[in-house]
Amino acid sequence: MMITCFGKARISGKFRKRDSSSSSPPRNWTSKDDNTEEEGSKIIFFGGKNHSFDLDDLLSSSAQVLGKGAFGTTYKVTMDDMSAVVVKRLKEVVVGRREFEQQMEMIGMIRHENVAELKAYYFSKDDKLAVYSYYTQGSLFQMLHGNRGTYDRVPLSWDARLRIATGAARGLAKIHEGNNGRFIHGNIKSSNIFLDSQGHGCIGDIGLTTIMRSLPQRTCLSSGYHAPEITDTRRSTQSSDVYSFGVVLLELLTGASPAITEAEHSGENMDLASWIRNVVAKDWTGEVFDMEIVSESGVEDEMVEMLQIGLACVGVKQQERPHIAQVVKLIQDIRSTE
Ligand SMILES: Nc1ncnc2c1ncn2[C@@H]1O[C@H](COP(=O)(O)OP(=O)(O)OP(=O)(O)O)[C@@H](O)[C@H]1O
């Protein structure tokens, strides 16, 4: 299956550099009504006072728009010392300050090597910000689909994909342990999975779904990531997270986009999970794997095992999907050295 283009709108821009003589933040970065002294509106950091920047640094630094997602605009902000963080300016937050803060505090408590760290958050009437670590290697989406069909394409080996899947599964398992085992992610997809320095997958964008306006059902259906029972993204469940994670595994195996497209073989409109279910039912399993990995020798059994795990996760019946802890074990067992 060929994917020829990256397929996401890229925008570039810059925050205005703040006049260093001014003590108030620039208007384009903070509230539009000049109400910067709004009571209680201060940036809250995790990890005590041990942080290398404050709100002023953040607001005065140059920023580049990484993209506009469903939940707002995401910026890479580079500090004077050249360190970078990601700032997500959240739009359509549908909860009040108290609930927002409670959710952020819960997210902040989830610390794991395979979970993108929430460093800080900020709530005011006009601005809601979430500050994360910046991952220099970009997202799994970029790695899988970027530059396909061009000379600039850097192939992603099966070993690399296995490491990404292992790390991401561990990260999601940790997230599901949060809030006494009730925490959900709600938006698992390849653009929310990043790579750490060892090449393991790390899950980003945790826990925002439940505090944001629900995505339209049409958007959910066409993305290919959402479980079929989800009609309101604010009511995502751990089992729907497992479904979405299964879609990511299928994406890793096939190199195909999960969005609903006209399936090459049948000419029908279907999402990735449905297409793979169809192909496997017809016993054409070998045909689904990404051309980029299919020629690697001695790994086909591992790919077939991963395919079975992915298919179990995307089970249409919720009760038949595995728990994420089982998924971690199954993936680790594919190659016991991982
Ligand atoms: N911590 C991060 N480090 C590096 N890149 C990031 C980080 N967070 C997000 N990005 C990248 O920034 C871009 C915009 O992200 P954003 O989350 O706004 O949109 P999205 O992932 O496409 O959709 P959604 O809003 O549904 O998550 C994406 O390409 C994403 O992979």
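Start at 1 and go down the list; that is how both ligands and their atoms are numbered.
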(message) Would Ala70 count as a polar contact of ligand 1, with the cut-off being nitrogen or oxygen pairs under 3.5 Å?
(response) yes
(request) Please identify which atoms of ligand 1 are closer than 4.0 Å to at least one heavy atom of Gly69. (result) 18 (O), 19 (O), 23 (O), 25 (O)
(request) Check each heavy atom of Ala116 against ligand 1 and say whether those closer than 4.0 Å belong to the side chain, the backbone, both or neither. (result) neither
(request) May I ask which of Tyr132, Phe194, Tyr135 has a heavy atom nearer to atom 7 (C) of ligand 1 than the others do? (result) Phe194
(message) Check whether Arg321 reaches the backbone of Val316 with its side chain - one donor and one acceptor, N or O, closer than 3.5 Å.
(response) yes
(request) Enumerate the atoms of ligand 1 whose separation from the nearest heavy atom of Ser139 is less than 4.0 angstrom. (result) 31 (O)
(request) Report yes or no: does a heavy atom of Lys76 sit under 4.0 Å from some atom of ligand 1? (result) no
(request) Answer with side chain, backbone, both or neither: which part of Asn187 has a heavy atom less than 4.0 angstrom from an atom of ligand 1? (result) side chain
(request) Provide the number and element of each atom of ligand 1 under 4.0 Å from a heavy atom of Ser191. (result) 20 (P), 21 (O), 22 (O), 30 (C), 31 (O)
(request) Please list, chain by chain and in numerical order, all residues satisfying side-chain contact (heavy atoms from CB on, under 4.5 Å) with Met212, sequence neighbours excluded. (result) Phe71, Leu90, Val93, Leu208
(request) Take every heavy atom of Gly204, measure it against each atom of ligand 1, and state whether any distance is under 4.0 Å. (result) no
(request) Anything under 30° is parallel, anything over 60° is perpendicular, the rest tilted; go ahead and classify Tyr121 against Phe46. (result) tilted
(request) Can you sort out which atoms of ligand 1 are near Tyr134, meaning under 4.0 Å from one of its heavy atoms? (result) 3 (N), 4 (C)
(request) Measure the CD-NE2 distance between Glu113 and His200 for me, rounded to the nearest 0.5 Å. (result) 8.0 Å
(request) Give a yes/no verdict on whether any heavy atom in Gln142 is under 4.0 Å from an atom of ligand 1. (result) no
(request) Considering only NZ, NE, NH1 and NH2 on the basic side and carboxylate oxygens on the acidic side, decide whether Glu292 and Arg161 come within less than 4.0 Å. (result) yes
(request) Return yes or no for this condition: an N or O of Lys189 is under 3.5 Å from an N or O of ligand 1. (result) yes
(message) Which of the numbered atoms in ligand 1 are under 4.0 angstrom from any heavy atom belonging to Phe71?
(response) 25 (O)
(message) Any salt bridge linking Lys88 with Asp205? Criterion: basic side-chain nitrogen under 4.0 Å from a carboxylate oxygen.
(response) yes
(message) Polar contacts were defined as any N/O atom of the residue lying under 3.5 Å from an N/O atom of the ligand; does this apply to Lys88 and ligand 1?
(response) yes
(request) Give, for atom CD1 of Ile164 and atom CG of Asn114, the distance between the pair rounded to the nearest 0.5 Å. (result) 11.5 Å
(request) Closest by any non-hydrogen atom to atom 12 (O) of ligand 1: pick that one out of Val65, Val131, Leu66. (result) Leu66
(message) Does Arg111 have more than 12 heavy atoms from other residues, nucleotides or ligands lying within 6.0 Å of its CZ?
(response) yes
(message) Geometry only, no angles: is Thr74 polar-contacting ligand 1 at N/O separations under 3.5 Å?
(response) yes
(message) With a 4.5 Å cut-off on side-chain heavy-atom distances among I, L, V, M, F, W and Y, is there a chain of contacts connecting Ile331 to Leu144?
(response) yes
(request) Report the distance from atom OG of Ser214 to atom CD of Glu92, rounding to the nearest 0.5 Å. (result) 11.0 Å
